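Report on one structure; see the data block that follows.
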Amino acid sequence: MFRPQIVLLIIEPQRIESSAPAELPSHVPFLLIGGGTASFAAARSIRARDPGARVLILSDESELPYMRPPLSKELWFSEDANVTETLRFKQWNGKERSIFFQPSSFYVPPEQLMSVENGGVAVLTGRKVVHMDVRENKVKLDNGTQISYEKCLIATGGTPRSLPAIDRAGEDVIKRTTLFRRISDFQSLNSISSSAGSITIIGGGFLGSELACALGRKARQSDLEVIQMFPESGNMGKVLPEYLSHWTTEKVRREGVNVMSDAVVKSVRYQNGKLHIYLKDGRQVETDHIVAAVGLEPNTELAKSAGLELDGDFGGYRVNAELQARNNVWVAGDAACFYDIKLGRRRVEHHDHAVVSGRLAGENMTGAAKPYWHQSMFWSDLGPEVGYEAIGIVDSALPTVGVFAKATEKDTPKRAAEESGTGIRSEIEVVEIPQLDAVKSPVPASEFAPAQQGENYGKGVVFYLRDNVVVGLVLWNVFNRMPIARKIIKDGEQHSDLNEVAKLFNIHEE
């Protein structure tokens, strides 16, 4: 199972102390705002095209750049009692790695960035950019320091959303609620799960469902009660077709989770040492801790001072197909609302998109002038036995066609990782792409026979259609076939029989 091709070393978690303002360079050629995946990918891309480049990453977190997916996935399945400190984990293939992209020795101290031979990448942690002047090409930090730049990337990511019912409930409720996003959130929730009697996860999307499965698995060795509630009729209800969403819900329940669907939170109160969640249909839940996993709000605070346009439909900074917002300013990752030359304007909140868009922004910051065309993918694993990869526009409101087959023992994230020898799935994969010439005549989507509720969805492909053209795919327990899915979207053609197209993914192989 392929995952982003970024060199990752097994290291102890390390931090770089914030430097005194006087020691910082007053000018840098490349300034990257945000210390996440998109910034790190951009830095690597800039250095690949310009080996002598001097790149400064500004991060408001205290840690060096790291990948977020393991915080809700593999770290929870670690048998290491010290995993919250080491932040190392075993992938499904058994190999160990760190969540940090590089150790501290990889980076140049910020105060030496402009003098060190052959340049390098520096990270200033614990500092936030509070003002940006795009005419003068400079930014101001929260401690008053000003830094000018030649090229700048905004990769500020997003902030987890809360629920209005929680926000207005008062401090007793808020301090017993986790908005899951950072390393500190994983460390805190892991500790809480070892002592609390009950944890309730609000949200049925990717993060909420992954955490529910992870905590449910952990609860098997304790008396912890794990509850998941969401307004949809099933897990991932906004993404998966209804039949597959309901099947996924049963899978989550088998992991030991009490799943409550069609649950809309009306109010929350703290009383007699417990949180009381009141639903609009009259149901009540008593719990010790809440995890709110209800989406992400892009961090766009710099828009006002910089005069940058925000997108009214999707949120985020509005950029062109080259990810450029203004002259010498690019945006990548969660905060970028970009123009996809194949699928139109979009904003994507997944790890692989951060890698792809960060790398492209870095290339364009060094003069490549390339448009965004490479469709990024995303994935979700509900433990080592069930996982899926997706690409394009996957929205349960679209017409879908699902083609499924019986799974074998090798059709799991764990086995696929063992066979490929890799861990985190990649946006770059090398497989032979079959020809699609035999399956092109258009027919109405209504003539396809959909998968039926009650079937065993061991492995398969779900096609998402817009105007009878495939605009998205979910590969359900089908791994290492993403380039085929990418080509189907890129071709943008109508197909007479999607059952034939599904054969390109070898789902009927034993």
Side-chain angles (χ1 to χ4, degrees), residues 71-73 75-77 81 83-84 159-237 248-297 382-383:
L71 297 179
S72 61
K73 294 181 173 73
L75 283 176
W76 288 97
F77 296 89
V83 65
T84 56
T159 300
R161 293 190 183 102
S162 183
L163 288 172
I166 293 175
D167 291 338
R168 62 173 177 259
E171 186 62 29
D172 284 333
V173 172
I174 293 174
K175 71 182 183 181
R176 290 171 176 84
T177 299
T178 295
L179 303 180
F180 198 91
R181 177 70 172 170
R182 299 185 173 194
I183 287 176
S184 58
D185 299 323
F186 163 70
Q187 293 168 330
S188 173
L189 186 59
N190 184 76
S191 175
I192 292 169
S193 67
S194 299
S195 58
S198 170
I199 294 178
T200 297
I201 300 161
I202 301 176
F206 305 106
L207 177 61
S209 298
E210 288 171 0
L211 287 175
C213 283
L215 288 170
R217 183 71 62 93
K218 183 176 182 179
R220 293 179 182 180
Q221 284 77 46
S222 68
D223 295 327
L224 175 66
E225 179 188 23
V226 180
I227 302 166
Q228 183 186 19
M229 60 175 61
F230 43 79
E232 298 79 28
S233 63
N235 288 75
M236 268 85 79
T248 303
T249 297
E250 292 307 311
K251 162 70 170 97
V252 176
R253 284 181 173 137
R254 289 195 296 271
E255 290 294 315
V257 179
N258 176 11
V259 181
M260 302 175 63
S261 58
D262 302 301
V264 179
V265 177
K266 180 181 179 181
S267 62
V268 184
R269 289 193 322 182
Y270 179 71
Q271 188 174 6
N272 299 326
K274 293 284 186 179
L275 294 171
H276 298 263
I277 304 173
Y278 299 90
L279 305 182
K280 285 191 174 180
D281 60 7
R283 286 179 290 175
Q284 298 182 22
V285 172
E286 188 177 285
T287 191
D288 293 315
H289 194 81
I290 291 174
V291 179
V294 291
L296 200 69
E297 193 68 35
L382 302 179

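Computed from a predicted structure; not experimentally measured. Residue numbers start at 1 and run along the sequence shown.
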Fill in: Check against side chain to side chain donor-acceptor pair (under 3.5 Å), Thr84 and Gln187
CA-CA 5 Å; Thr84 56; Gln187 293 168 330; 5.6 Å; no
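- Considering only residues two or more places apart in sequence or on other chains, Ala214 meets the side-chain contact (heavy atoms from CB on, under 4.5 Å) condition with Trp76, Phe77.
- Closest non-hydrogen pair, Val291 versus Phe180, comes out as CG1-CB, 4.4 Å.
- Between Glu255 and Lys251 a salt bridge is recorded (basic side-chain N to carboxylate O distance below 4.0 Å).
- Contact record, Ala165 with Ser267: CB-CA, 4.0 Å, taken as the closest heavy-atom pair.
- Residues in residues 272-296 take part in no ring-ring contact (aromatic ring centres under 6.0 Å, His included) pair, two or more places apart or across chains.
- With rounding to the nearest 0.5 Å, the separation of CG in Leu179 from OG1 in Thr159 is 9.5 Å.
- Panel note: side chain Ser209, backbone Gly205; a donor-acceptor pair is recorded below 3.5 Å.
- Summarising the local packing, CG of Asp223 is surrounded by 12 or fewer heavy atoms from other residues, nucleotides or ligands at distances under 6.0 Å.
- Here the rule is side chain to side chain donor-acceptor pair (under 3.5 Å) with Gln228, and of Thr200, Asn258, Asn235 only Asn235 fits it.
- The stretch residues 201-221 participates, sequence neighbours left out, in these ring-ring contact (aromatic ring centres under 6.0 Å, His included) pairs: Phe206-His350, Phe206-Phe378.
- In this view, Ser194 and Lys218 satisfy the side chain to side chain donor-acceptor pair (under 3.5 Å) rule, not counting sequence neighbours.
- Within the structure, every pair that satisfies the salt bridge (Lys or Arg N to Asp or Glu O under 4.0 Å) test and touches residues 180-193, not counting sequence neighbours, is listed here: Asp60-Arg182, Glu61-Arg182, Arg181-Asp334.
- Ser233 is linked by a side chain to side chain donor-acceptor pair (under 3.5 Å) to His246, counting only residues two or more places apart in sequence or in another chain.
- Atoms CD1 and CE, on Ile277 and Met229 in that order, are 4.5 Å from each other to the nearest 0.5 Å.
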Discussion item. Applying salt bridge (charged side-chain N to carboxylate O under 4.0 Å, His left out) to Asp288 and Lys274, what does each step give before you reach the verdict?
Written reply: CA-CA 5 Å; Asp288 293 315; Lys274 293 284 186 179; 2.7 Å; yes
